[in-house]
Amino acid sequence: MIMPMKMLEESLNKKVSLLLKDNRILQGILSGYDDYMNMVLDEVEESGDNVTKKIGTVVIRGSNVVRIVPL
Amino acid sequence: MIMPMKMLEESLNKKVSLLLKDNRILQGILSGYDDYMNMVLDEVEESGDNVTKKIGTVVIRGSNVVRIVPL
Amino acid sequence: MIMPMKMLEESLNKKVSLLLKDNRILQGILSGYDDYMNMVLDEVEESGDNVTKKIGTVVIRGSNVVRIVPL
Amino acid sequence: MIMPMKMLEESLNKKVSLLLKDNRILQGILSGYDDYMNMVLDEVEESGDNVTKKIGTVVIRGSNVVRIVPL
Amino acid sequence: MIMPMKMLEESLNKKVSLLLKDNRILQGILSGYDDYMNMVLDEVEESGDNVTKKIGTVVIRGSNVVRIVPL
Amino acid sequence: MIMPMKMLEESLNKKVSLLLKDNRILQGILSGYDDYMNMVLDEVEESGDNVTKKIGTVVIRGSNVVRIVPL
Amino acid sequence: MIMPMKMLEESLNKKVSLLLKDNRILQGILSGYDDYMNMVLDEVEESGDNVTKKIGTVVIRGSNVVRIVPL
């Protein structure tokens, strides 16, 4: 068994894809997270509504997270 | 009586189908979970809006989970 | 007075109908529950949008439950 | 001053009308409740979308309750 | 400074207007409340969708309350 | 650094504009608040849907608050 | 690893872009925050629905925050 938080730990400093509740997808390097699944992503590209843009570093509030995919 | 968390324990390393609040369905091997029903799924196939795609390993935030079906 | 949790206890191993927030209805044998109203149902038939399908055993996250009707 | 929970206590074994967040209305005998406003209703008639049906005993999860009217 | 709960205390046994999240407005005598802003209103008139009806005493679950206006 | 609650303290007895989740805007004198951002406003003018009306004193449940602007 | 709250600390007195759940975007100087991600922004410009307006200082309730981008 691998705990969800352990999976996040293993994804540190690696590229992940983050799906938010508003259907935005953020791809970037996971550089931090906490127990609420608040996260820090670096080198982020955000896609949604057929548009992609680079937005550098992002802090995401955990309550908006649906799923995280290590890439 | 079988506790819901015990049912998840018995599903470890087995294939499950996960329905999320946004109607996405994830099928994969349950490799971890915690008390909030945060989960780790491996070998995931996601289906929704008539599209199916393979997305490998996924961490799901429990607050988005509707139901889990052991397959 | 009968406490809601006591009512669930009396419904154990009996058939119940479960209404979820997304309007799905699950009918099955209540084989477990916990304080959050997370539940385990066996021999489940799910109906919604004029379709009924059998889905065996299901773990439901309590936050999605609207009401439970002992049958 | 009458506490809301005291008002529920006084309504025990009496007929109440319960409005849920999805606009369903349940009328029945209040036979139990707890601190989360989870409730047990007996001899329930449910109305919504111009349809009324009898559904016997019901356990309602408190998070779906909008208001309770003693009848 | 007047604490919100103190303002409710001062409104006891007086007429208030209560706006709920579903846009219903309840006018009645505030006869009780608790820390979650669960409330008991007496002599209630409910208005919404261009209809007004008298519904006597009502217990409202605090999570549905938007604002209270002392009248 | 100024804590959000400290900012509210500094706004006491001054005019603020309050945006609620349902897009209503309330302008009035902030006469109280608590840790949940429940608030008491005096001399309130509410605007929404191209209509403005005076509604005197209002108690707002914090869970409906989006942002507060000191005026 | 950088904790999300630490990232906010490093953004103090710097310009950030804040996305809210209602799709409004606020740009301004982050002058405070707390553990719930309640925040104080100064010199704020708010954009949404093709309109931008200056609104000075703003207190934002953390539950409405989706993501914060240091600029």
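Only this structure's heavy atoms are used, side chains among them; waters, hydrogens and symmetry mates stay out. So that the names make sense, note that chain A is the first sequence line, chain B the second, and so on, each numbered from 1.
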Practice task
For C/Val16 and C/Ser11, work out which heavy atoms get closest and say how close.
Solution key: CG1-CB, 4.0 Å
Completion exercise
Cut-off 4.5 Å, heavy atoms of chain C, and the answer for D/Ile60 is both
Problem - Choice from D/Gly56, D/Ser63, D/Ser31, D/Gly62 maximising heavy atom contacts with chain C below 4.5 Å - result: D/Ser31
Exercise for the section: Taking the side chain as every heavy atom from C-beta outward, state whether D/Glu45 and D/Ile25 have any atom pair closer than 4.5 Å. Expected result: no
Handout entry: Any side-chain heavy-atom pair of D/Leu30 and D/Leu41 under 4.5 Å
Key = yes
Practice task
Tell me, for C/Leu19 versus chain D, whether the close heavy atoms (under 4.5 Å) come from the side chain, the backbone, both or neither.
Solution key: side chain
Fill in the blank from the handout: Applying a strict 4.5 Å limit to non-hydrogen atoms, the region of D/Leu20 in contact with chain C is side chain
Fill in the blank from the handout: The interface call for C/Lys21 against chain D, heavy-atom contacts under 4.5 Å, is side chain
Practice task
Report yes or no: does D/Asn64 contribute a side-chain atom to a donor-acceptor pair with the main-chain N or O of C/Val65 at less than 3.5 Å?
Solution key: yes
Practice task
Decide, yes or no, whether a salt bridge links C/Arg67 with D/Glu46 under the criterion of side-chain N to carboxylate O below 4.0 Å.
Solution key: yes
